[in-house]
Amino acid sequence: GGGGGGGRGRRAAAAANRTSDLPVLCVVEVVEGYDAEDDKELTISVGDRLYVYRKNGDSGWWYGELDGGSGAQGWFPGELTQRVS
């Protein structure tokens with residue numbers, strides 16, 4: 001006998017670095033930096049990648065986590081990013 005296979009486990013390969021188990025809506029890259037004004041916000045820099053967990057459609061602010069192992073999470077203006085996946 002033997003054999004097998006299957007297409008499981010390929011999802012979320014890009015999200016290996018994140019610390020949260022929230023579902024990722026999308027991954028974005030920062031095109032314009034922003035400095036956090038309080039501890040609920042996230043300081044982002046051009047070229048940063050973010051896992052987006054929540055989107056506030058009314059305000060245009062998104063909640064996510066910085067890629068790269070720091071695990072920093074917070075709100076940031078979604079309009080300052082572009083979707084990469």
### Query
Can you tell me how far the CZ atom of F76 sits from the CD atom of E65, to the nearest 0.5 Å?
11.0 Å
#### Entry: Reported OH-to-CG distance for the pair Y63 and L42, which is rounded to 0.5 angstrom
8.5 Å
Taking every non-hydrogen atom, the tightest pair across [X] and [Y]:
X   : Y   : value
D35 : E41 : O-OE1, 4.5 Å
S20 : Q73 : CB-NE2, 3.5 Å
C26 : S85 : CB-O, 3.4 Å

#### Entry: Listed partners of Y53 passing ring pair (Phe, Tyr, Trp, His ring centres under 6.0 Å), at least two apart
none
#### Entry: Main-chain N/O of A36 paired to T43 side chain as donor or acceptor, under 3.5 Å
yes
### Query
Is any side-chain heavy atom of T81 less than 4.5 Å from a side-chain heavy atom of V52?
no
### Task
Give the C-alpha distance, both sets of side-chain angles, the deciding distance and a yes or no for side-chain contact (heavy atoms from CB on, under 4.5 Å) between W62 and L50.
CA-CA 10 Å; W62 298 354; L50 292 150; over 6 Å; no
### Query
Sequence neighbours excluded, which residues qualify as side chain to side chain contact (heavy atoms under 4.5 Å, CB included) partners of E32?
L80
### Query
Quick one: side chain to side chain contact (heavy atoms under 4.5 Å, CB included) partners of V84, sequence neighbours excluded?
V27, E29, R49
### Message
In this structure, would W61 and V31 fall into the same cluster of hydrophobic residues linked by side-chain contacts under 4.5 Å?
### Response
no
